[in-house]
Every structure is written in structure tokens, then in C-alpha cells.
Amino acid sequence: MSAKNGNSQGKAGGPGKEARRNDATAGLAAEQADMIRNVALVGHSGAGKTTLVEALLAATGVISRMGSVVDGTTVGDSDPAAVHQQRSVGLSVVPLLLDGVKVNLIDTPGYADFTGELRAGLRAADAALFVVSANDGVDAATVALWQECERAGTPRAVAVSRLDHPRADYDAAVAACRDAFGESVLPLQLPLREGGEVSGLLDLLGRTVSGTADDGGQPARRPAEQAELAAVEGNRAELIEGIIAESEDETLMDRYLGGEEIALDTLVADLETAVARGSFFPVLAVSALTGLGLAELLEFLRRAFPSPLERALPEATGLDGAPRKRLSCDPDGPLLAEVVRTSVDSFLGKVCLVRVFSGTLREDTAVHVGGRGLSGRGHPDHDADERASHLYSPWGPALRAVPYCVAGDICALSKVASAETGDTVSAKDDPMLIKVWEMPEPLLPLAVEAAARSDEDALAKGLARIAAGDPALRVERNPETHQLVLWCTGQAHADVVLDRLREQGVKLQTVDVITPLRETFAAPASGHGRYVKQSGGHGQFAICDIDVEPLERGAGFEFVDKVVGGVIPGPFITSVEKGVRAQMQKGVAEGFPVVDIRVTLHGGKTHSVDSSDAAFQAAGALALREAAAAGRIQLLEPVSSVVLRVPDDYVGAVMSDLSARRGRLTGTSSEEGYTEITAEVPDKELLRYALDLRALTAGGGSFQRSYLRHEPVPS
């Protein structure tokens, strides 16, 4: 099972870092879907996912030694932003070849800011391996992710990592997993300790004990002693009963309860079937640093997780939205693939990571690239015919050319100019679309501006490149404040965007986000607009008198003509209204737009020669400003309707915090350990709420917001 040794040299994740590869580097294209496994490693930040991938690479001889997350020398985290933050900020794919089976390890970010990358990884995967640290347990964000996988029917298993940590508690970690994920989560192995350290793993089904790998790459094994078996008999019985409960052989439970010894092969076969079906979730123990449990994990990845043939494909439609016949994972079928990640390489340009669901993607062939459903994030719907001239097998940051990519496999495309994350790739003569996966809503605003006018063009181009590959980012030019606002999913996401802009040589600075207030009249007022200029030749003459009164919130603007006797001709009355409207947009007090007023024009004067459209527009603006100076102006602030989903344990803290933010509670409801809270909160109090809510709820809370109305700012 364990591949070992190889002589070819190649880059493994960054300048100056060499990796020794064997045949298991899987730069070769897979031949058939049943020999492929796509596994996403998921879990909270710091659980050890990237380090575990490094350990698996080293255990199979793909690299000569493990890299370090701290040093930025891992295969998966070569992105400068990941090195800077010392955590994964984007998904990466690293293939292994295990006894002829290509296993695509999809390392996903664990930090909540990068949920979009994580969901993209789940879209590309057919199974999920939850990595839980033996010294940290399970956090609320991991529980939410488990529930998300459960709704999608994704097969799952748990790897309890960091057994070598001084505070490691495997039993507590398994108990936390069962409490969070359900009773169908059961351990396959139990650690044995000697001198306070884990010395081996007891296989509950096989009744053997394995240690770390020897020089040949194989773990040392021995039969478990009677005393060891006696200590774990209850755990073994619970595991067997859990497996048998999922068996398709209805007689198996009766035979087992009747005292019959069930054959190991039968138990293993039923276990693998239940895991692939997504109804049973085993726990494996592993230490990336000592190598303990790596061989067993590799065998599990190869045998227990389903192939792409066993998973349903996303539904496809035609370009007109008409449903298409459900496709299967057939290399000879119609081409259907999806871009799950987009990045920019300094030499290759745009590089798209693509999961092929149906058909075979071949180099130098014409394809259709289409995108739908992200127009609200600044990605307009688009269609284009392109040529897939270069195909690669991804290996972390490195790429190795391949001639084709069959259904079920993952590859990379370069120089496909129109492709963005979430786009569908299909045949040019048979174009199709897949509904994009759910993207996280960016709720943290960050205002930026170019350091100088000469940098504005570079800033715009840099943002366009980043936004094309990051659908979680929304770029907005606020029409009221005229600020360029980047809507991010959190501070770490914002830092990554800024780092990538600066890497491109963009000079910029961040500024405070301005909340777009509005102005209105708090009481009736009158204004006299006099615009008279005479400097020789044709002059300017316009006089108008107006009354201003406030209207109900949301009523808008009304202009009433009460001029009598023709003192202002009809065309100039329209000019006065234009001037008033123009001044309303500019504001009359703090420079914010004026709303919800009625302006009544009731008098004025004209000149037979000097009156003009421009003069009466200026007089109308002057009249509104004079009315504002004589009256009382009220500032209005935007208020949003906020819907929060909060773990029950944090409801009290969240409600107290909402009250401190001038929020008004409008309702609550409970479901599955979570409470949904609806409230009305001023936008100014929500500028940093994406960060504050995460801190209040240990990462388990989320919220959505929508504009509701403007209300008076408290005095």
C-alpha cells in the first residue's frame, strides 16, 4: 500500500524548496473514475490539516521530508498570504498514488473567513475527512460544517490528530466528536500509552497493535495482548454493533447477539459500505510528527471513501435554464466541469482548478465557459468559447502537464481568459451550466483608496484580477459616499486581499468607512433664492420663494407649483425644481442627500432679458440652502434588518451586545441547538459586527443583513 522511493526532483511549494517524488506524485492523468478518490480535509484552523498532508506525502515517499507551516515550506501553503498569516487561505490539491488508486487530497482553509474556499473544496470532493486536534476538541464552526456536509449527504470520517501533543486527550476528543456529530461516530483505534506517551494504536476490529513506520515504510504490528483486549472490549463491542446496524445483511445482528464471531472481512466490508454511503463515521487516530496511524489512514482513504462513480453529480441546465438529463460520471459522456478556484501565476497567468464531473477534458480542445448567479457580487453573467490549450495535474503550487483529465478527476487549466471561480466548463457544441455553490456573504466593509491619482488605474486592475478568483469578495463604489469599499468575510480575508494587491505593486491606503447618512427638514421653513448678476452685457436674473415641509419617512420628494399671476413662466418653474433637486443631492448641512420633503414654489420675479434656465436653477438651490439655514435639519442614519443564527449557549451575550448597539429585538425562534434572532440595528453599529459576533460566539454565529429604512440619528 505504501509507495516509496523515487529519484525525480521537482519543486514542492516555493522557491528553493525541492521535493523528491515517486510514481505517487500523480502528475500522471488517472485512467478511470473508479480508481480516483477526492477527499477534502476540513476542520478548524490549527487542527493540523496542512501538516497532516505533509506527513502523508512523506510517508508515501513523495517528498523527502516534511515542510513546516511556520517556515512556509509546506506543499499546500506556498501562497505568500498563507505564509504571512501562517495558515491556509485557499484550497490546494495534492495527489497521491496508492496501489493504483489516485487520491486527490484537497487541503481546505479552516479559518471562518475562508468559508468560500472550503465550500469550493467540498464541491470538488466526494468525501470529507474532519481533522480534529486531540488537544483542542471541536469548535462551533466545525459543528456547523459537519451539519452542512450532512445536508449534502457527504461521506465523512474523523482523524484525531496531534496525539503527540503534551495535552493530547484522545478519549476526550472522541467524546466531543460524538457529542457534536452524533452517535454514529465511533473510533476504529485506541491509543496505547507507555511512560505518558502514545506508543501504539490498537485496532479494535483486527485486534492488532501498530507502531510507527519502520525504515521500509511499514508500521510494526503485533497481536494485541489479552490485558489490552480486555480493557477495550466494551469499545470493540460498541463498534461492531454500530457497523452491523448499518449492514444490509439483516441476520447479522441476530447472529452476533447469539454469540457468533463475525468474520473480520465481513465487518470491514460492511464498514466500507456504510462509510461510502454516508451513514457511518469512523474515527482514526494519527500523529503527523511521529507517523503513528499514517499507514492506517492511507489504507482507509483508498478503500473506504467512495469513488466519483458512487456520488451523484450536480444538476445541469442549458444556457436557457432548461433542465438537462442527469449525467453520470462517464469519461465518454458529455463534458461537464466546474472551476473551483482561480489564481494568477506570474508566468502562466490565470490558472483555474477544475473538477471534471462528466466526459473527458483534453488539451487543445474548444470549450464553452459560462457563469451565472454571481452578478450581485460584481460578476456579471457571461458566456465565452475558449480553447483549453494547456492541461495540468496540480501538485500544490506546482503543475505537471497532462494530455487529458477524465470524469471524476481534478486538473488545472491556464490562459482561459474568461473563466472565474464558479464557472461551468462544457463542450463548445453542447454548452451547459451548473448552479454555483452557496457563497458566504461578505459583511465586513473595508474602504481603500489609491495612494495617488497615478495609482488609481493599477488599483482598479488589481482588484479586477483578485475579484475574478474570489467570489467571496464584493467590490463596490458607494454612489453616496463615493468610497471604494471592499466587502470581505472577515479581517483575515481583508488582509489577504490587501497583501495580494501590494504584491502586484499597487500602492493604496485604507480609510474609515463612511456611513451614508441623509438629511431632512425637522420642521417647516421658508427660503428666498436671489440670483442676480450684472457685469456688463447679458446678465443673470432669477428670484424665487419656496416653503419646505417634512414628509413621512420614505415618502420621497414632492414639488408643488403655487405660483399665481404668471410671475414665473412655466419653463422657469421646471428650472427651479431642477435646482432644488440638484441641491438635495449635494446636501444642505453635512453634505448628505436630502430626502422626504415637500417644496412649494409660491412666488418670485423674472427679467425679460436676463432670466434663464441656469439662473433659476441656481436660485432654486440658493432658496433651499437659505431654508435649511433658517430651519432645523435632522440627520438620518440607515437601519438594517438583521437575522442572526447563534448557538444556544451564546444567546444571552449576543442579545446584550445587540442592545448596546442600539438594536431592537423583533423576534426569536429555536432549531437544533441554534437560536434565530431578528433585530433592527443601525448600520453604523454593524461596521465591525462580522468580527465581533464571531468573537462573541466562538466562531459559531452568523448573520445576514438587508437595508430597512433611514431613521433620525439620536441627538
Side-chain angles (χ1 to χ4, degrees), residues 79-81 84-85 89 113 342-350 374-380 382 417-421 442-519 578-579 581-595 614 617-618 621 625 635 637-638 683-684 686-688 690-691 707:
D79 189 319
H84 178 250
Q85 293 200 18
V89 299
D113 283 22
T342 307
S343 59
V344 177
D345 183 90
S346 55
F347 298 103
L348 296 175
K350 183 183 290 186
L374 294 175
S375 57
R377 296 170 180 263
H379 301 271
H382 54 276
S418 64
E420 298 182 352
T421 302
L443 295 167
L444 179 69
L446 176 72
V448 298
E449 58 184 32
R453 292 187 64 86
S454 57
D455 300 312
E456 290 179 353
D457 187 51
L459 175 59
K461 291 180 178 178
L463 279 175
R465 282 193 291 268
I466 293 172
D470 187 359
L473 173 68
R474 187 172 82 241
V475 181
E476 171 188 277
R477 175 72 71 173
N478 191 296
E480 295 183 25
T481 65
H482 307 294
Q483 284 189 308
L484 181 60
V485 180
L486 312 182
W487 286 89
C488 306
T489 56
Q491 189 60 54
H493 184 209
D495 291 342
V496 167
V497 173
L498 293 177
D499 284 348
R500 287 176 175 164
L501 284 170
R502 288 165 179 149
E503 285 167 18
Q504 297 176 26
V506 178
K507 297 178 181 179
L508 77 162
Q509 57 193 15
T510 60
V511 294
D512 292 338
V513 177
I514 300 173
T515 302
L517 304 180
R518 293 177 185 170
E519 302 170 358
K578 288 181 181 178
R581 286 182 179 273
Q583 188 62 51
M584 287 176 64
Q585 286 300 312
K586 296 177 182 178
V588 293
E590 302 292 338
F592 297 106
V594 179
V595 296
Q617 285 193 45
R625 292 205 299 268
L635 289 178
E637 64 179 343
D683 281 14
K684 184 176 178 61
L686 295 173
L687 292 178
R688 308 286 291 178
L691 307 181
Y707 170 75

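Here, residue 1 is the first one in the sequence, and each next residue gets the next number. All values below were derived from every heavy atom in this structure, side-chain atoms included, with hydrogens, water molecules and symmetry-related copies excluded.
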Heavy-atom closest pair, residues A450 and L459: N-CD2, 3.7 Å
Side-chain donor/acceptor of K350 to backbone N/O of A417, under 3.5 Å: yes
Would you call L473 and P442 a side-chain contact if the rule is heavy atoms closer than 4.5 Å?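 The answer is no, as the side chains (C-beta and beyond) never meet within the 4.5 Å cut-off.
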Which heavy-atom pair separates A447 from V513 by the least distance, and what is that distance? N-CG2, 3.7 Å
Can you check whether L635's main-chain N or O pairs, donor with acceptor, with E590's side chain at less than 3.5 Å? no
Is it true that a side-chain atom of T421 and a backbone atom of T342 form a donor plus acceptor pair closer than 3.5 Å?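 Indeed, once roles are kept as given, a pair shorter than 3.5 Å links the two residues.
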Of Q483, E456, Q509, which meets side chain to side chain contact (heavy atoms under 4.5 Å, CB included) against E449?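 Exactly one pass, corresponding to Q509.
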Scan residues 465-487 for pairs that pass salt bridge (charged side-chain N to carboxylate O under 4.0 Å, His left out), counting only residues two or more places apart or in two chains. E441-R474, E480-R518
What residues form a salt bridge (charged side-chain N to carboxylate O under 4.0 Å, His left out) with R625, not counting sequence neighbours?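 R625 satisfies salt bridge (charged side-chain N to carboxylate O under 4.0 Å, His left out) with no residue once adjacent residues are dropped.
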N478/I514 under side chain to side chain contact (heavy atoms under 4.5 Å, CB included): CA gap, chis, key distance, verdict: CA-CA 10 Å; N478 191 296; I514 300 173; over 6 Å; no
Go through the structure and list residues passing salt bridge (charged side-chain N to carboxylate O under 4.0 Å, His left out) with E420, not counting sequence neighbours. none
On a heavy-atom basis, which atom in P593 and which in L517 lie closest, and how many Å separate them?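 What the structure gives for the nearest pair is CD-O, 3.8 Å.
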Using modelled atom types only, decide if a donor and an acceptor are shared between the side chain of E519 and the backbone of F592 within a distance under 3.5 Å. yes
Close side-chain approach of L446 to V485, heavy-atom, < 4.5 Å: no
Non-neighbouring partners of K684 that pass salt bridge (charged side-chain N to carboxylate O under 4.0 Å, His left out), sequence neighbours left out: none
Distance, nearest 0.5 Å, that separates CG of L498 from SG of C488: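 Rounded to the nearest 0.5 Å, the CG-SG separation comes out at 7.0 Å.
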Does the side chain to side chain contact (heavy atoms under 4.5 Å, CB included) test come out yes or no for T489 and L444, once each step is laid out? CA-CA 6 Å; T489 56; L444 179 69; over 6 Å; no
Enumerate the salt bridge (charged side-chain N to carboxylate O under 4.0 Å, His left out) contacts for residues 496-512, please, sequence neighbours excluded, ordered by first and then second residue. D79-R500
Do the side chains of V511 and V448 get nearer than 4.5 Å, heavy atoms only?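 The answer is no, as the side chains (C-beta and beyond) never meet within the 4.5 Å cut-off.
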Derivation of the side chain to side chain contact (heavy atoms under 4.5 Å, CB included) call for T515 and T481: CA-CA 8 Å; T515 302; T481 65; over 6 Å; no
Is there a donor-acceptor contact under 3.5 Å from the side chain of D113 to the main chain of Q491?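 Yes.
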Reported NZ-to-CZ distance for the pair K578 and R581, which is rounded to 0.5 angstrom: 11.0 Å
Minimal heavy-atom distance between D455 and A451, with the atoms involved, is OD2-CB, 3.7 Å
Between the side chain of Q583 and the main-chain N/O of G587, is any donor-acceptor distance below 3.5 Å?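 Flag set: sc Q583 to bb G587 pair under 3.5 Å.
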Nearest 0.5 Å please: distance from the OG1 atom of T510 over to the CG atom of L484. 12.0 Å
Just jot down the salt bridge (charged side-chain N to carboxylate O under 4.0 Å, His left out) partners of D495, sequence neighbours excluded, or say none. none
